[in-house]
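Quick note on labels: first sequence line is chain A, next is B, and so on, each numbered from 1. Not measured: the values here are computed from a predicted model.
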Amino acid sequence: MDGRGSDEAGLDLSGVGGLIGRPLDRAFFDRPSCEVAPDLLGRVIAHGPVAVRLTEVEAYGGPGQDPASHTYRGRTPRNSVMFGEPGHVYVYFTYGMHFCANLVCLPEDVGSAVLMRAGEVIAGVDVARSRRLTGGNGSSAGRTARTVPDRDLARGPARLAVSLGLVREHNGLDCCSAGGRIRVFEGAPVDPSLVRTGPRTGVAAGAETPWRFWIDGDSTVSPYRPHVRRQRTRV
DNA sequence: TGTTTGATGCGCT
DNA sequence: GCGCATCAAACAA
């Protein structure tokens, strides 16, 4: 790729181009995840024809040894992306059927990231909906045959990943390079008085750490769920 | 090598 | 509101 002209090779955001501002550079992510997370609210992540305005995020990892983070027990093949360069995408598979997408923070060798929990699809709504209906990313998250309301398209981390079409193969992609398939844009500023913080959803360890950030009153924010230990299925 | 749990979402009651 | 589906990583023995 020659860069020029292919910058938006996979991105077709002509419809919202004026509303999402310029792409964020790597310096934006070169901070602790708990600092980047609230700053990501109102930002826009785009992959192909789909763009999502983030309304809910959670911070994980960092120097404080976060027991809820995948990086808590050190570097592994699975989480190595989180220890890599900031501004990359960390996609992981969980519960046997869901993908979740994170944005890596801090310099290399420090494992931390921000989980994108929910957002509003502002471009490529039709594409996002068809992915949800067909299970577009290979997971079964889209198996429903019913129509998905707009506000539910990216309401929840796995749904957000499906709408954006993010799967394992996107793990480690750079979203701060000009030729990248995934980019994050500055979006529109969010009224700071509307930003709320609280305990992270579904987290067992470190549940008391208020590293969940969301835009108060936004209908696309996912409902809070405390961690529930799964019952072992025995016959 | 075997077992357990998980940063979840859907369908049914 | 509740229970289930399903796979990979991590841990214990």
Side-chain angles (χ1 to χ4, degrees), chain A residues 33-34 36-38 40 45 54-62 64-83 89-105 111-119 121 128-129 131-149 151-172 197-214 220-235:
Chain A
S33 55
C34 57
V36 174
L40 272 173
I45 180 167
L54 297 175
T55 59
E56 182 187 359
V57 296
E58 285 177 2
Y60 284 91
Q65 282 296 300
D66 176 10
S69 172
H70 286 176
T71 60
Y72 183 57
R73 292 181 179 85
R75 189 175 194 144
T76 66
R78 181 203 197 190
N79 65 25
S80 61
V81 170
M82 281 182 77
F83 289 88
V89 183
Y90 169 50
V91 181
Y92 69 92
F93 189 65
T94 189
Y95 285 96
M97 62 195 90
H98 297 302
F99 289 99
C100 296
N102 302 247
L103 294 170
V104 177
C105 300
S112 80
V114 175
L115 169 70
M116 297 180 285
R117 284 199 56 85
V121 179
R129 177 171 287 113
R131 280 174 178 157
R132 288 291 309 280
L133 292 175
T134 60
N137 69 358
S139 83
S140 54
R143 66 190 155 194
T144 176
R146 290 199 295 245
T147 304
V148 182
R151 66 163 223 178
D152 281 352
L153 283 174
R155 194 186 195 205
R159 293 166 170 182
L160 188 147
V162 171
S163 290
L164 281 172
L166 296 178
V167 294
R168 200 192 318 271
E169 70 174 81
H170 299 105
N171 186 36
T197 71
R200 289 169 294 186
T201 300
V203 170
E208 69 286 351
T209 308
W211 277 4
R212 175 174 176 247
F213 304 88
W214 71 95
T220 61
V221 173
S222 62
Y224 175 75
R225 274 207 277 179
H227 176 260
V228 182
R229 192 174 170 204
R230 176 178 153 282
Q231 284 279 342
R232 174 122 186 248
T233 48
R234 287 198 76 92
V235 275

Worksheet item: Does a nitrogen or oxygen in the side chain of A:His98 sit under 4.0 Å from OP1 or OP2 of B:dA7?
Response: no

Fill in: A:Val104 vs A:Ser112, side chain to side chain contact (heavy atoms under 4.5 Å, CB included): CA-CA, chis, key distance, verdict
CA-CA 6 Å; A:Val104 177; A:Ser112 80; 6.0 Å; no

Discussion item. Given the structure, check if the side chain of A:Arg132 and the base of B:dG9 hold any donor-acceptor pair shorter than 3.5 Å.
Written reply: no

Worksheet entry | Ring-base stacking, A:Tyr60 with B:dA7 (5.5 Å, 30° cut-offs) | yes

Worksheet item: Of the candidate nucleotides B:dA7, C:dA8, B:dG9, which contains the atom at the shortest distance from the side chain of A:Arg168?
Response: C:dA8

Response to the item:
To the nearest angstrom, the CZ-P distance between A:Arg78 and B:dT5 comes to 16 Å

Worksheet entry | C:dA10 OP1/OP2 closer than 4.0 Å to side-chain N/O of A:Thr76 | yes

Worksheet entry | Pair A:Asp152 + A:Arg129, salt bridge at N-O below 4.0 Å | no

Worksheet item: When you check the phosphate oxygens OP1 and OP2 of B:dC10, does a side-chain N or O of A:Arg159 lie under 4.0 Å from one of them?
Response: yes

Discussion item. Tell me which nucleotide, if any, is Watson-Crick or G-U wobble paired with C:dT6 when both distances must be under 3.5 Å.
Written reply: none

Worksheet item: Measuring from A:Glu56:CD to A:Leu40:CG, what's the distance to the nearest 0.5 Å?
Response: 13.0 Å

Worksheet item: If you look at every strand shown and take non-hydrogen atoms under 4.0 Å, does A:Arg200 touch a base, only sugar-phosphate, or nothing?
Response: nothing

Fill in: Euclidean distance, atom CG of residue A:Leu40 to atom P of B:dA7 [Å, nearest integer]
20 Å

Response to the item:
To the nearest angstrom, the CG-C1' distance between A:Asn171 and C:dA8 comes to 13 Å

Fill in: Between A:His70 and A:Tyr60, ring centroids under 6.0 Å
no

Item to complete: Tell me what A:Arg225 touches on the nucleic acid: a base, only sugar-phosphate, or nothing, going by heavy atoms under 4.0 Å.
Response: base

Worksheet entry | Counterpart base for B:dA7, defined by Watson-Crick or G-U wobble contacts under 3.5 Å | none

Worksheet item: Ring of A:Tyr95 versus six-membered ring of B:dG6: centres under 5.5 Å and planes under 30°?
Response: yes

Worksheet item: When the ring planes of A:Phe99 and A:Phe93 are compared, do they come out parallel, tilted or perpendicular, using 30° and 60° as the limits?
Response: tilted

Worksheet item: Roughly, in whole Å, what's the span from OH in A:Tyr92 to C1' in B:dT8?
Response: 9 Å

